[in-house]
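Owing to the predicted nature of the structure, the values given are computational and were not obtained by experimental measurement. Read the numbers this way: they start at 1 and go in the same order the structure lists the ligands and their atoms.
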Amino acid sequence: MAGTSGQAAARRRAEDLRDAIRHHDHLYHVLDQPEISDAEYDKLYRELKGLEEKFPELVTPDSPTQRVGAEPRPGFSEVEHVAPMLSLDSGDDEEDARRFDTRVRSALGDGDVEYVAEPKLDGLSLELVYEDGSLTRAATRGDGRVGEDVTPNARTIGSLPLRLRDTDRGTPTLLALRGEAVMLIDEFERLNARLTQDDKPVFANPRNAAAGSMRQIDPSVTAARPLVFYAYEVMSVEGLTLVTQAEVLDALRDWGFRVSGETKTGLRIDEALELHHVLERRRDELAYEIDGIVIKLDDLATRERLGATAHHPRWAFAYKFEPRREISDILDIVVQVGRTGKLTPVAMLRPVDVGGVTVSRASLHNREEIERKDVRVGDKVRIQRAGDVIPQVLERIDEHGKKRRPRFRMPETCPACSAPVVSHGPLDFCTNGLACRAQLKARIQHFASRQALDIQGLGERTVEQLLEAKLVSSVADLLTLREEDLVTLEGFADLSARNLVEAIRTSVEVTLDRFLYALGIPEVGTQTARDLAGHFGSLDALLAAEREELEAVPGIGPKVAEAVSDFLESRGTRQTIEELRRRGVKLVEPEAPAAADFAGLTFVFTGGLESMSRGDAQDLVRSLGGRTSSSVSAKTDYVVAGVDPGSKYEKAKQLGVTVLSEDEFLKMLPPGAR
Ligand code: IVH
């Protein structure tokens with residue numbers, strides 16, 4: 001009958017479409033290597049969706065269309081894990097890690113032990129169960145024996161396969177595995193920016209964001225959160241045999257999971273410890289947060305022999321990085337005024353060592369954040385330091401029964417100049433513009449900073465002295481400072497005065513991008529300044545641009561375009577620019593002696609470099625006319641692999657992209673650029 005054969009054809013077509021969509025999902029979400037456009041993908045997806053609507057009996061639970069659309073449920077049900085989800089024995093001392101190795105070797109009576117070392121991902125641990133290749137359950141860790149069933153939420157994660165890919169190893173009849181749902185750091189920052197815009201509370205770190213997103217009653221909320229799943233452990237497998245952890249990781253990759261590219265196999269203990277040091281150094285370059293490495297015995301049968309305590313297996317050890325979170329007390333809360341007049345409350349802390357750096361102050365961001373966290377002078381708080389950024393107060397630690405001081409109130413007048421303060425949403429601003437000393441000071445410091453005019457010898461203390469002595473009352477005044485004025489300042493001798501004047505004189509020849517950054521336009525960092533300079537080519541062209549033209553610049557959204565045009569249109573800005581030009585600022589073409597050297601070439605850096613930071617290497621490539629990218633594709637010309645290169649190295653090899661050592665890269669540089 002026509003109906004039946006129509007249905008049979010539909011079934012075949014649906015199967016083909018599912019295979020194709022799964023293939024493209026894998027390329028996009030796991031390998032970062034899409035082969036078709038979003039539009040082409042949407043077309044496949046819509047066709048499948050249409051068929052499934054017409055023939056609902058064709059819908060399978062592992063169909064790509066079943067990632068979204070589950071209804072919110074009243075709560076999470078509890079499920080027992082296939083095998084207990086143990087935690088890991090851990091320590092942040094090299095001695096601890098060596099003791100682990102000694103214990104393992106003495107228990108085995110074997111001098112030769114091979115380890116695998118993996119990054120310890122800082123997200124939410126999940127158990128996934130696949131029956132005959134299809135995902136049937138996802139659960140949180142809970143108490144280790146029983147967790148919460150989060151299957152509908154887990155289904156929305158694009159990098160988590162709903163069906164295991166077919167491989168030569170075959171499909172296990174049962175597979176229970178463990179991995180981590182994480183939020184990539186740049187996605188986390190984007191999410192927080194969005195939450196701030198919507199006046200919603202932000203997440204303190206990517207881990208909380210991942211956990212909070214996973215534990216949503218409504219899966220459509222989870223679907224809108226950019227989570228990524230990394231697999232790292234097989235808890236139970238039936239229907240095939242796996243012998244080593246190295247093989248487990250390969251199998252997981254083959255079945256379609258992401259496995260961290262920083263993972264290393266076949267290691268002696270010393271090599272595993274070395275990975276700890278390498279990753280601790282490179283921590284801020286990774287796309288996700290890690291808080292250490294996990295050292296695991298490679299051979300699975302030997303693992304069985306070692307067994308586990310009630311809490312943790314004896315065959316693995318988490319060698320953690322030094323914590324970047326610590327507890328301290330708030331001694332005082334002061335309010336700082338930034339160059340845009342924004343008031344920032346800052347907690348003055350009892351100094352504590354946080355991962356090797358002494359921290360004595362931490363940002364409390366704004367009025368609303370203080371209210372939300374309810375922190376007051378005298379409170380105990382948890383603080384966090386991440387990368388180069390200013391430490392933050394994460395949360396207040398409740399001390400039961402302790403009498404607390406009154407709530408903190410933002411001042412109604414500017415703490416620096418006493419002008420009235422106005423509120424815009426969660427933020428407060430001084431209304432006095434550059435007549436406010438604090439704003440002027442911050443503006444001058446920014447103007448002189450390394451990425452702006454880079455005036456050597458003009459630090460915070462000197463700026464303060466200049467303001468105090470009324471030698472400057474605008475950024476332009478810097479340009480007319482004379483040696484005889486400076487020598488009157490405390491600590492200035494003839495030589496230092498001459499050096500500063502000379503430094504200012506040479507700094508006024510500046511490229512347009514640096515000049516734009518130096519102006520301190522709200523929302524404009526170094527990258528946006530470069531985009532603007534690159535697009536308009538001259539200051540006059542930029543000053544003449546309409547808002548629509550600004551919005552058309554690649555990389556610039558409506559919000560930034562508005563901030564730029566408001567700033568550039570203001571009379572004060574025009575006067576400042578006029579004044580700066582009159583007193584000697586000269587916009588010069590970027591220095592490009594060899595700018596054509598790398599023109600048309602795209603470089604990707606992976607691993608740590610010995611002779612310079614990765615950021616400096618990227619700057620160097622750009623200064624020579626080349627492009628840099630964070631991901632390897634067929635368009636990449638060179639991958640520069642430093643110490644412990646990551647997955648990009650593998651990908652370069654796969655794609656046949658030329659891989660350079662650091663030395664080879666240095667040799668490509670023109671003389672003078674090295
Ligand atoms: S293995 C029984 N490997 O660290 C061993 N755990 O307490 C199972 N984690 O809850 C864990 N990265 O969430 C393992 N590469 C990795 C990991 C990892 C992160 C987490 C996991 C666990 C916690 C340790």
Val294 N/O under 3.5 Å from ligand 1 N/O
no
Side chain or backbone, does Leu86 bring an N or O within less than 3.5 Å of an N or O on ligand 1?
no
Are [X] and [Y] close enough that a side-chain donor and a side-chain acceptor fall under 3.5 Å?
X      : Y      : result
Asp663 : Ser661 : no
Asp254 : Thr167 : no
Gln384 : Arg324 : no
Ser611 : Glu662 : yes

At less than 4.0 angstrom from any non-hydrogen atom of Ser87, what atoms of ligand 1 do you find?
7 (O)
Which option wins on minimum heavy-atom distance to atom 10 (O) of ligand 1: Arg178, Arg207, Glu180?
Arg178
Please compare Lys296, Lys120, Met85 and report which has the shortest non-hydrogen distance to atom 3 (N) of ligand 1.
Lys296
What protein heavy atom sits nearest [atom], and how far off is it?
atom                    : answer
atom 2 (C) of ligand 1  : Pro313 CG, 3.5 Å
atom 14 (C) of ligand 1 : Tyr232 CE1, 3.3 Å
atom 5 (C) of ligand 1  : Leu88 CD2, 3.6 Å
atom 12 (N) of ligand 1 : Leu121 N, 3.0 Å
atom 15 (N) of ligand 1 : Glu118 OE1, 2.7 Å

Parallel, tilted or perpendicular, as decided by the 30° and 60° cut-offs, for the rings of Tyr41 and Tyr45
parallel
For the pair Arg137 and Glu127, find out whether any cationic side-chain nitrogen is under 4.0 Å from an anionic carboxylate oxygen.
yes
Pairing of Arg215 and Glu148 as salt bridge, 4.0 angstrom limit
yes
Region of Pro119 engaging ligand 1 - heavy atom pairs below 4.0 Å:
backbone
Ring pair (Phe, Tyr, Trp, His ring centres under 6.0 Å) assessment of Phe100 paired with Tyr319:
CA-CA 10 Å; Phe100 156 74; Tyr319 180 13; over 10 Å; no
